[in-house]
Enquirer: 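Supplied in structure tokens, the structure appears directly below.
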Amino acid sequence: MAELGVPLSGSRLVQQGAEARLYRGRFLGRAVVAKLRFPKRYRHPALEERLSRRRTAQEARSLLRCRRAGISAPVVYFVDYVSNCIYLEDIVGSMTVRDYIISIQQREKDASGLFTLAEKIGEVLARMHDEDLIHGDLTTSNILLRPPAEKLDLVLIDFGLSFISGLPEDKGVDLYVLEKAFLSTHPNTETLFEALLKKYTAMSKKSSPVIKKLDEVRLRGRKRSMVG
Amino acid sequence: GAPALAQQGTGIHRGWGELLPGTSGSSPLSPPPCFFPRLGFLPGHTARHHRACLLELLAEALREAGLRPCDVDCVAFTKGPGMGAPLAVVAAVARTVAQLWDKPLLGVNHCVGHIEMGRLVTGARDPIVLYVSGGNTQVIAYSQRRYRIFGETIDIAVGNCLDRFARVLKISNDPSPGYNIEQMAKKGQKLVELPYTVKGMDVSFSGILSHIEEVSHKMLASGECTPEDLCFSLQETVFAMLVEITERAMAHCGSQEVLIVGGVGCNLRLQEMMGIMCAERGAKLFATDERFCIDNGAMIAQAGWEMFRSGQVTALEDSWITQRYGMKVACEVLSAKAGKYQCCLLHAALVRPHQGSGV
């Protein structure tokens, strides 16, 4: 009998993120990652139910939308709405952009190779936003590199907080969230992020109101009171 | 508690573990004399209150600790952010006292005071800090030799949201709106659906507030829910958002400790929810009660003492105060990491004089 809560017999827990537990195993002969949104006991049961269901559904939808638009994302094999578990293609041998940046920064004094990566990220985000898809949780941990990592073949993951919107405000906040995560995770990468934004601006058809909103959102942060 | 004024005035500190709050710490149960029911704190009144009380308080602090001025090592004061007039009063007294006693002066950032006090009281070593108050909502972590802000509110602070909610429902601010909401929430039964806005490690509260402003009176009038239900729903929703972004920062940084500081941090429901999350991750929660969560002089003394120990001093000409901290302005703060005290930077966000009554 499968261990309680383990989505597939023989699968093993590989990670407990903030959102969900990730299991690796096989599903109908294919390598899968099962993403199980286990109930959070700190949340009110009604709120928990609402959030988990919405996020599971939204994640599956957004992954499909990405793939339809030609943006690389894992294939969705199956969605179990009872246990809120999604069975996704396992990108075998992939690494996160976060780990890649850290490893390059440690290995090489000169991180100029990272500029191409930053531009690639800018490009893929521009395409995603042009589809009116807002990721909602952009970090360097939520972008994978298909092996071999040097080819800079990006795969977007973790769409649990995603939603559809054409508003520059939502896209601007999406970039703002990435900017903060990027700069706090990878110190002294301001020029790298600038390159990312520059490419985004060049590639996206609707970038100018988005960048304007981004500036506005940054300013909102600055005005916030630090009193009390 | 309130918008930070100068509850934290001059803190005097002598030696490790011996704190002398320079001004009385306010507890939510005993509003300080400059507090006005329904109005909160007014800068002018507060400054006058401080002018009237500060010297007596200073003498009292020394008396209580059985110390003479010559026993004191340094004089710390709040450099900002906060309301200008009260800050200026306290800084003037701090400057004068430091020169009279010939002691080094230390200008302290209010936010850093909260974090350092929390670490001292709880013994947390390397926590993810959730700083929640009337003016702040931030998830801060010590990473690569610095305090860094990982998540924060993209609009209003959580305490500000609670305060303004209290105003919509005409809940008293005596002793504090947050305290009264907490008590009412205990009697709430029904979870009213409210917007739940988490964007990565950031949160947004303004949507909740406008939603409540819009629907609450109708819902209350029709008997669909009670004010207690709304308090309960508000707490359940906003605290779940805070716990979620804290957990996300923990997963992101690989941290196993959480420290809650700031006025909203003394809410027991928030502490309970955070505790459950920590238990599920095998992590540890550090929280304090209202004596330390609410703004107080001791925390300024503690942060000042840490700065002093690391060899910092604020020169007289640099002892100005500021209501705001610019985006690029970074203030120095210490953090014990691996037993060694290091100097690190806390990027302070620009501030605006506080208008709400704070939590």
Side-chain angles (χ1 to χ4, degrees), chain A residues 15-21 38-51 54-55 98 102 105 134-142 158 160-163 169-170 172-174 176-181 183-188 216-228, chain B residues 1-4 81-83 110-111 133-136 143-144 146 148-157 159-160 191 193 196 198-202 236-237 240 243-244 247-248 250-252 262-263 272-274 276-277 280-281 295 323-327 348-354 358-359:
Chain A
Q15 199 190 329
Q16 173 158 345
E19 264 294 280
R21 294 198 180 104
F38 62 99
K40 301 273 180 194
R41 285 194 306 111
Y42 67 81
R43 274 200 281 251
H44 189 283
L47 182 58
E48 171 60 36
E49 171 70 22
R50 202 175 93 209
L51 288 177
R54 190 203 295 161
R55 288 176 180 182
R98 174 201 150 114
I102 292 172
Q105 279 183 333
I134 312 299
H135 185 281
D137 187 16
L138 285 173
T139 65
T140 48
S141 311
N142 286 343
D158 273 358
L161 298 180
S162 67
F163 58 101
E169 161 81 22
D170 291 323
V173 170
D174 216 20
Y176 178 68
V177 165
L178 175 64
E179 180 176 40
K180 282 215 336 251
L183 299 181
S184 56
T185 315
H186 311 289
N188 311 318
E216 218 182 288
V217 176
R218 283 180 184 143
L219 214 64
R220 251 180 249 165
R222 289 202 304 154
K223 269 197 253 148
R224 194 160 34 255
S225 172
M226 293 267 289
V227 181
Chain B
M83 297 201 298
H110 176 93
C111 313
S133 65
N136 277 279
S143 154
Q144 308 194 27
R146 272 187 195 183
R148 291 170 200 279
I149 297 172
F150 278 79
E152 58 188 327
T153 171
I154 58 168
D155 37 60
I156 58 172
N160 193 240
L191 188 80
E193 187 169 337
Y196 185 99
V198 168
K199 293 166 191 292
M201 282 181 268
D202 289 345
E236 288 300 311
T237 307
V243 175
E244 180 177 345
E247 183 171 19
R248 198 159 283 142
M250 289 174 86
H252 193 77
E272 182 189 23
M273 288 166 76
M274 194 66 86
I276 296 172
M277 182 274 282
E280 277 177 357
R281 299 188 65 83
D295 301 340
Q323 299 194 86
R324 302 145 187 264
Y325 268 78
M327 186 69 164
L350 194 100
V351 297
R352 175 175 53 186
H354 199 275
V359 164

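A note on names: the letters A, B, ... follow the listed sequences, proteins ahead of strands, and every chain is numbered from 1.
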Enquirer: Given that the side chain runs from C-beta out, which part of B:E244 has a heavy atom under 4.5 Å from chain A: side chain, backbone, both or neither?
Expert: both
Enquirer: Show your working on salt bridge (Lys or Arg N to Asp or Glu O under 4.0 Å) between B:R248 and A:D137 and close with a plain yes or no.
Expert: CA-CA 10 Å; B:R248 198 159 283 142; A:D137 187 16; 3.8 Å; yes
Enquirer: Evaluate the criterion salt bridge (Lys or Arg N to Asp or Glu O under 4.0 Å) for residue pair A:K40 and B:E280; output intermediate values, then yes/no.
Expert: CA-CA 9 Å; A:K40 301 273 180 194; B:E280 277 177 357; 5.3 Å; no
Enquirer: Run A:T139 and B:H252 through side-chain hydrogen bond (donor to acceptor under 3.5 Å, both in side chains) and show every step you take.
Expert: CA-CA 9 Å; A:T139 65; B:H252 193 77; 4.8 Å; no
Enquirer: Is there a side-chain contact between A:H135 and A:V177 in this structure, where contact means two heavy atoms from C-beta onward sitting under 4.5 Å apart?
Expert: no
Enquirer: Check whether A:L51 gets within reach of chain B through its side chain, its backbone, both or neither, counting any heavy atom under 4.5 Å.
Expert: side chain
Enquirer: Top residue by heavy-atom pair count (under 4.5 Å) with chain B, among A:E19, A:Q15, A:E48, A:R55?
Expert: A:R55
Enquirer: Given that the side chain runs from C-beta out, which part of B:A240 has a heavy atom under 4.5 Å from chain A: side chain, backbone, both or neither?
Expert: both
Enquirer: Please test A:K180 against B:D202 for salt bridge (Lys or Arg N to Asp or Glu O under 4.0 Å), starting from the C-alpha separation and ending with a verdict.
Expert: CA-CA 10 Å; A:K180 282 215 336 251; B:D202 289 345; 2.6 Å; yes
Enquirer: Name the region of A:L47, side chain, backbone, both or neither, that has any atom closer than 4.5 Å to a heavy atom of chain B.
Expert: both
